[in-house]
Amino acid sequence: MKIYFELNGRPQYVEVEPGESLLSLLRRLGMKSVKEGCGTGECGVCTVLLDGKPIRSCITFAPKVQGKRVTTLEGLGTLEDPHPLQRAFVEAGAVQCGFCTPGMILTAYALLQENPAPAPYEVREYLVGNLCRCTGYKKIVDAVLLAAKWKREGRWR
Amino acid sequence: MAVILKAKREVVGQNVLKVDGLPLATGQPKFTLDMDLPGALVGKILYSPYAHAEIVSIDTSEAEKVPGVACILHYGNVPRVPYTTAGQGWPEPSPYDTVLFDKKVRYVGDRVAAVAAETEEAALEALRKIKVEYKVLPAVFTVEEALAPGAPIIHDEEDAEGIYDAKRNIAAAVDVPIGNIEKGFAESDVVVEATCELPYSQHAAMEPHCVIAYFDEDGRLVIRSSTQVPFHIRRVVSRVLGIPIHRIRVVKPRIGGGFGSKQEIILEPVAAALALRTGRPVKMALSREEVFVSTRTIHPAKVRVKLGAKKDGTLHAIELEAILNTGAYGAHGGTTLYNVGSKALPLYNKARNLRFHGKAVYTNLPVAGAYRGYGANQGFFGLEIAMDMLAEKLGMDPIELRLRNHIRTGETSPIFEKLGEGREGKPQVIRSCALEECLRIGAERIGWYEKRRNPRRKGPWAYGVGLACAMQGSGITGVDMAAATLIMNEDGSFRLLVGATDLGTGSDTVLAQIAAEVLGVPVEKISVYSSDTDFTPFDKGAYASSTTYVSGNAVLKAAEEVKRQILEVASEILEEPAEGLILAGGKVVSERTGREVSLSEVGHRAFYVANQRQIAATASFACPESPPPFAAFFAEVAVDTETGIVRVEKFVVVADCGQPIHPKLAEGQLEGAVVQGIGHALYEEMLFSERGSTVNSTFFDYRIPTVLDVPEIEAILVPSDEPTGPFGAKSIAEVGIDGPVPAISNAIYHAVGVRLTRAPFTPERILAALRTKDKERKG
């Protein structure tokens, strides 16, 4: 079947298998930031934004995004022009192996859209579905708070 | 936390941006599976459903008929070459008790066959259609069963090598007496004994094991793998498949965490064999369930510690016995066993009478392997709880007891010489130790003395504080070697080629900092390329907390030689002797005349103008000793006496890793290790059915800590100065996992008076302990 959706601001009209996961489709389309950590929706590594809300792409069927907007980490910023959240993750030391990072950053992005001034506990509550085995989470929370501060200072919207 | 550095340095000791940070944070395709290879086949493995069975026959005829199936491998059509999956230096101390495919299976999850097919669906369908006839054998699931007379022999194959006693299921054994242990206890005023048990748990790196194997345009085998040990993979695959080493290239791109699980050579020979047989690229990616069931685990252990001390608290005798369950294969069994003693016992070097003994025992359960801590966490679990018991019996503060006994700068322990990497070790003197300061700062940050004196109670919640100490090593003495190549470009930038294997720790960054400091340039001027057996010099790989110390020393040596060459060229330009020239700030300056020449001028002259040559150097560093980092751990817990739930309220870890090259990365190692340790203390345990199959093989029912499970963690670095380390540095990656389990147990004891010695400390176990205590009290 063919579906239409918007991927990182660009229209996509692609053939998908009805049972194909969104994770598989996005990686097939070259969005390699979308990682698979468990395949069963438990680790959050594969998180992408669907109409701005974080979802697990491994347990989302590709046809479900018909007519919707999908954002992956590639859509947030680039190596040459990174998003402040991406910069904050690096500055705060929140990136160790980097495998959970795409899902973490996208989840944090959704949080800061909803709540530009989260308290530390609100950051933690929002990120609870995203597992990380390297950092102990402390510097990830620091990174989100740093990006939030930058947002409030008007450095990004 | 600010770090006090010994000397003002430009790059070392600074929190520079991680060199791969932005590429990772922007999702660049840097991981193993991010490369698309046209025409790649999908490789899948058939696992044993039985814990112990002989394969009577395998019929693949129906499976071969599945459209898209290219190749099926099993014991009947591959060469039989015994090897060990442990990625260790040659000759490996682990037994050669594994073959690519065997006609016997030894645990649920053991490899039976492998399929390569055009699609994953076809490969999975083929797996279902392979008909295997098994003769089921009796199985053993505990070390007690495995050691019992008449127990089934797990490794009865004739071609295995290096097993201590296969007939008794003992993979490795050790017994090292020092002094007279019996006399030592008899002479002691106070004796305590603790037996602690650590269950099966798993690394749970976020990236599952994966590999791509293909033949390049010159017909050479390329293995792109998520691994900690590229050079060991090259050597082992060469041996197992009979391909010469020079026909194999192993590349490690970025990897999504390892913690020891990728110090194992599991998928690579299988993918390579499938690629060899089909002539096609083969991609293999394990599912999370496969990772749980078929890869590697921590070494479950029963550790018994008996301490004898004089009235003043001076330890007089220590007996440490460790029985490890090494699972169905012996990878890392003997070396992890040795490490229980060699890492834990030297910490309290005042005791003159010691005995360390133990076994690594085969069972029909998943294969234990290397896991961060590598025996040290098992050893300190027992030792640090026993120390807490001793302090109580002596009526002495636990900090005071440690201060009275711990090893100091300039001191040694006979253990260093007696216990090495699965064999004897080498004598070693401690040249840096700031543990005393770590204890002092930690006590202050947790509010130790006040909270020990006046434990809080609030409704059903009882609060307590507990502590533990630990040490690790920095590389493996007399075994580990690393090399680095540093090449100058004509614009005054450099390429740093290292075999060292950054598994997310940031070692590429740390190594670049060391080179940059010597060369007087910012880190941005150093392009790091690591872990490619074709293009980087040898490095043992990322394990044993070795990279900063061993690989870092190699980089330091290479950079110093490159610096010498730069000064030589500059002296030609400036027509002055090199001795009076200083390399700093991207240029060479004459002390005498103040004249200067830029690195770009030096580079251009060497490349194009006069006395032409490539400014470059390769240097090696072989680990002559293994300076231990030290750490003190303080946990504050709240125990709900009605439900048995334990909450870690605050955790303070204070560590001496010498001079930290990158303080923020070092803190990150501590924080991550502590949270893994909290997982081991409170949540994590692999469970098995009565037939030996893993019951909890998803993150839903094998719980690792989430961000909400993590307490306030304070990670503090107390720099010492290690004279043998690069810029005074020692390791930091593992020591942080050694303390949380005993520190939390000791804090629970302080809170509610029950000793938890079986991890994880679940509500059920705590309630049971509280009820037992209650009964005893009521008598």
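Here is how names work: the chains are called A, B, and so on, in the same order as the sequence lines, proteins then strands, and each is numbered from 1. Note that the coordinates shown come from a computational prediction; the quantities given were computed from them, not determined experimentally.
Within residues 28-53 of chain A, the residues having any heavy atom closer than 4.5 Å to a heavy atom of chain B are A:Lys32, A:Ser33, A:Lys35, A:Glu36, A:Gly37, A:Cys38, A:Glu42, A:Cys43, A:Val45, listed by residue number.
Atom OH of residue A:Tyr137 and atom OG1 of residue B:Thr706 lie 6.0 Å apart, to the nearest 0.5 angstrom. To the nearest 0.5 Å, atom OG1 of residue B:Thr26 and atom CG of residue A:Leu79 are 4.5 Å apart. Between A:Cys100 atom SG and B:Glu207 atom CD the span is 12.0 Å, to the nearest 0.5 Å.
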Worked verdict on A:Arg27 versus B:Asp36 for salt bridge (Lys or Arg N to Asp or Glu O under 4.0 Å): CA-CA 10 Å; A:Arg27 285 188 64 86; B:Asp36 286 324; over 6 Å; no
Trace of the side chain to side chain contact (heavy atoms under 4.5 Å, CB included) decision for B:Glu712 with A:Lys138: CA-CA 8 Å; B:Glu712 181 194 347; A:Lys138 185 176 176 185; over 6 Å; no
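For the set A:Glu74, A:Glu91, A:His83, the count of heavy-atom pairs under 4.5 angstrom toward chain B peaks at A:Glu91. Between chain A and the options B:Leu17, B:Val291, B:Ile678, B:Asp20, heavy-atom pairs under 4.5 Å are most frequent for B:Leu17. Of the listed residues (B:Gln676, B:Lys30, B:Arg254), the one with the most heavy-atom contacts under 4.5 Å to chain A is B:Gln676. Of the listed residues A:Gly136, A:Ala94, A:Cys97, the one with more heavy-atom pairs under 4.5 angstrom with chain B than any other is A:Cys97. Ranking B:Ala673, B:Gly506, B:Ala205, B:Pro208 against chain A, the residue ahead of the rest is B:Pro208, based on heavy-atom pairs under 4.5 Å. Of the listed residues B:Pro705, B:Gly679, B:Gly258, B:Ala285, the one with more heavy-atom pairs under 4.5 angstrom with chain A than any other is B:Pro705.
Interface remark: B:Ser287 contributes no atoms to any contact with chain A (heavy atom separation under 4.5 Å). There is no contact between B:Leu670 and chain A, counting heavy-atom distances below 4.5 Å. When heavy atoms are compared at a cutoff of 4.5 Å, B:Gln669 approaches chain A by way of both its backbone and its side chain. For B:Leu665, no part lies near chain A; criterion is any non-hydrogen pair under 4.5 Å. Using a 4.5 Å cut-off between heavy atoms, A:Thr101 contacts chain B through its side chain alone, with no backbone atom that close. Residue B:His662 does not touch chain A at all, counting heavy-atom pairs closer than 4.5 Å. When heavy atoms are compared at a cutoff of 4.5 Å, A:Ala92 approaches chain B solely by way of its backbone atoms N, CA, C and O.
Pairing each heavy atom of A:Phe99 with each of B:Gly256, the nearest pair is CB-CA, 3.8 Å. Closest of all the heavy-atom pairs between A:Gly98 and B:Phe31 is C-CZ, 3.9 Å. Scanning both residues, A:Arg124 and B:Val710, for their nearest heavy atoms gives NH2-O, 3.2 Å.
Checked against side-chain hydrogen bond (donor to acceptor under 3.5 Å, both in side chains), B:Arg445 has the following partners two or more places apart in sequence or in another chain: B:Glu714.
Side chain of B:Lys18 to backbone of A:Gly93: no donor-acceptor contact under 3.5 angstrom is found. In this structure, the side chain of A:Gln86 engages the main chain of B:Ala25 through a donor-acceptor pair within 3.5 Å. A:Gln96 places a side-chain N or O within 3.5 Å of a backbone atom of B:Gly668 that can act as its donor or acceptor partner.
Within a 6.0 Å sphere centred on OH of B:Tyr683, heavy atoms belonging to other residues, nucleotides or ligands number more than 12. Shown here is B:Phe700, whose CZ atom has no more than 12 heavy atoms of other residues, nucleotides or ligands within 6.0 Å. More than 12 non-hydrogen atoms from other residues, nucleotides or ligands lie less than 6.0 angstrom from CD of A:Glu114.
In this structure, B:Val707 and A:Val141 have side chains that are in contact, with non-hydrogen atoms separated by less than 4.5 Å.
The pair A:Arg133-B:Glu684 counts as a salt bridge, with a side-chain nitrogen and a carboxylate oxygen less than 4.0 angstrom apart.
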